[in-house]
Amino acid sequence: MYQDHFRFAAARALLAPFLSTSAGIPEEPEAWAEALEPALRALWDRSERGGATLYEVGAEVRAVGEALAAGGSARERVPQDLSALAERSGPGGAPGVWREIADHVDAWPRGVDAKLAAWVPSVGELRGRFPKLEGMLGVYFGQDGIAVEDPDLTDTERIGVFVADCHGRDLCTWRLPPLVGECAEALALFSDDALLGRFFGFELLLGSSSQTSWTAWLNLISDTLTTHLRREHGPLAWTGGREEPKPC
């Protein structure tokens with residue numbers, strides 16, 4: 001069922017290293033624990049930004065293991081991709097292994113500072129920090145991107161194509177601020193323009209301006225989006241909270 005597929009989104013993110021291969025989950029704990037380390041770092045980082053906690057991730061993995069053990073209608077509720085992963089993993093797909101993985105996830109936050117200090121990032125976990133930026137650059141500025149169909153547009157006008165799409169659906173205050181934040185994070189995380197180009201242009205194969213550096217390009221995206229928000233949408237209103245103090 002559609003709902004069941006997305007009920008296990010966090011488990012799917014954790015097990016992505018095994019979902020993308022034909023080998024499946026190794027039976028040996030040392031092997032699967034090592035393979036899961038980048039995904040665990042990425043999921044921990046996502047939880048710090050408001051995403052699912054590692055305990056919630058572990059609960060999803062444990063639920064799959066319990067459904068596999070129960071069989072019957074319970075197993076039928078396991079999404080097809082996760083059920084297929086269990087089947088092709090052989091002994092590594094046994095319900096007990098799924099429970100061991102869940103226990104490992106629950107225990108991972110212990111000693112997290114030392115694990116992060118020894119961090120050697122993978123492209124995949126860094127990629128997870130820029131979902132909205134990757135989507136925008138892929139759809140609007142890739143090889144067949146929407147914003148590159150007219151070669152006479154300036155860079156600011158090309159970014160404006162994306163802004164106009166959001167504005168036409170009244171989604172600017174939802175879509176644009178997170179993108180500004182991801183631009184700032186990219187500029188802070190990668191120490192120079194060569195690293196920005198290597199990561200976004202070479203590793204992720206994302207489109208950019210052909211006339212400027214990646215540093216200038218990300219700054220231009222951020223400035224264009226911020227200018228639009230301030231010019232077209234004004235201060236953000238909200239409800240609730242404390243009352244404004246009354247003048248004496």
Between Phe162 and Phe141, ring centroids under 6.0 Å
no
Closest non-hydrogen contact found for Ala52 with Ser47 is O-CB, 3.2 Å
Main chain of Pro79, side chain of Ser83: is a donor-acceptor contact present, judged purely on distance under 3.5 Å?
no
State whether the side chain of Ser89 and the backbone N or O of Ile25 hold a donor-acceptor pair below 3.5 Å, judged by distance alone.
yes
Does the side chain of Phe18 reach to within under 4.5 Å of the side chain of Trp32, using non-hydrogen atoms?
yes
Closer than 4.0 angstrom, basic N to acidic O: yes or no for Asp106 and Arg62?
yes
How close do Glu182 and Leu133 get, heavy atom to heavy atom, and via which atoms?
OE1-N, 2.8 Å
State the CD-OG1 distance between Glu157 and Thr224, to the nearest 0.5 angstrom.
10.5 Å
Among the clusters formed by ILVMFWY side chains lying less than 4.5 Å apart, do Leu225 and Leu153 turn up in the same one?
yes
If hydrophobic clusters are built by linking Ile, Leu, Val, Met, Phe, Trp and Tyr wherever their side-chain heavy atoms come under 4.5 Å apart, do Val57 and Leu116 end up in the same one?
yes
Of all heavy-atom pairs linking Ala67 and Val78, the shortest is CB-CG2, 3.6 Å
Taking all heavy atoms of Ser208 and all of Arg158, pick out the closest pair and write down the distance.
O-NH2, 3.7 Å
Check for me, please, whether Ile146 and Trp217 land in the same ILVMFWY cluster - side-chain distances under 4.5 Å, paths through other members count.
yes
So, for Asp193 and Thr215, which heavy atoms are closest and what is the spacing to 0.1 Å?
OD1-N, 2.6 Å
So do the side chains of Leu82 and Leu19 get within less than 4.5 Å of each other, counting heavy atoms only?
yes
Between Leu137 and Leu204, is any pair of side-chain heavy atoms under 4.5 Å apart?
no
Does NZ belonging to Lys132 count more than 12 external heavy atoms closer than 6.0 Å?
no
Mind checking the CD-CG spacing from Glu134 to Leu205? Nearest 0.5 Å is all I need.
10.0 Å
Would a 4.5 Å heavy-atom cut-off, applied to side chains only, mark Glu100 and Pro29 as touching?
yes
Cys183 versus Phe130: any side-chain heavy-atom pair under 4.5 Å?
no
If you measure only the distance, is there a donor-acceptor pair under 3.5 Å linking the side chains of Glu125 and Trp44?
no
Whether over 12 other heavy atoms sit under 6.0 Å from Arg49 CZ:
yes
Starting from Val64, can I reach Phe6 by hopping between I/L/V/M/F/W/Y residues whose side chains sit under 4.5 Å apart?
no
Check whether any side-chain N or O of Glu56 sits under 3.5 Å from a backbone N or O of Thr53 as a donor-acceptor pair, and report yes or no.
yes
Test side-chain contact (heavy atoms from CB on, under 4.5 Å) applied to Ile221 and Val180, step by step:
CA-CA 8 Å; Ile221 292 172; Val180 173; over 6 Å; no
Counting only heavy atoms not in Arg175, do more than 12 sit closer than 6.0 Å to its CZ atom?
no
Ignoring hydrogens and geometry, is there a side-chain-to-backbone donor-acceptor pair from Arg12 to Asp81 under 3.5 Å?
no
Taking atom CG of Leu14 and atom CD1 of Ile101, what is their separation to the nearest 0.5 Å?
7.0 Å
Going by heavy atoms in the side chains, are Phe190 and Phe200 under 4.5 Å from each other?
yes
Could you grab the distance from atom CG of Leu68 to atom CH2 of Trp98, nearest 0.5 Å is fine?
6.0 Å
CZ of Arg231: more than 12 outside heavy atoms within 6.0 angstrom?
no
Any chance the side chains of Glu37 and Trp108 put a donor and an acceptor closer than 3.5 Å?
yes
Within the distance-only criterion (no hydrogens, no angle test), does the side chain of Arg169 pair as donor or acceptor with the backbone N or O of Asp165 below 3.5 angstrom?
yes
Does the side chain of Leu195 reach to within under 4.5 Å of the side chain of Trp214, using non-hydrogen atoms?
no
Measure the spacing between OG1 of Thr173 and NE2 of His233 and express it to the nearest 0.5 Å.
7.0 Å
Full working for side-chain contact (heavy atoms from CB on, under 4.5 Å) between Phe199 and Leu189
CA-CA 11 Å; Phe199 182 73; Leu189 185 61; over 6 Å; no
For the NE2 atom of His228 and the SG atom of Cys172, what is their distance to the nearest 0.5 Å?
3.5 Å
Pairing of Arg129 and Glu185 as salt bridge, 4.0 angstrom limit
yes
Heavy-atom count around Glu48 CD within 6.0 Å, excluding the residue itself: above 12?
yes
What is the minimum heavy-atom distance between Ile159 and Met136, and which atoms define it?
CG2-CE, 4.2 Å
Heavy atoms, side chains only, cut-off 4.5 Å: are Leu187 and Leu196 in contact?
yes
Verify salt bridge (charged side-chain N to carboxylate O under 4.0 Å, His left out) between Asp45 and Arg41, making sure each step is shown before the conclusion.
CA-CA 6 Å; Asp45 181 65; Arg41 288 193 300 258; over 6 Å; no
Greater than 12 external heavy atoms within 6.0 Å of Glu203's CD:
yes
Co-membership, hydrophobic cluster, residues Leu171 and Leu176, 4.5 Å side-chain:
no
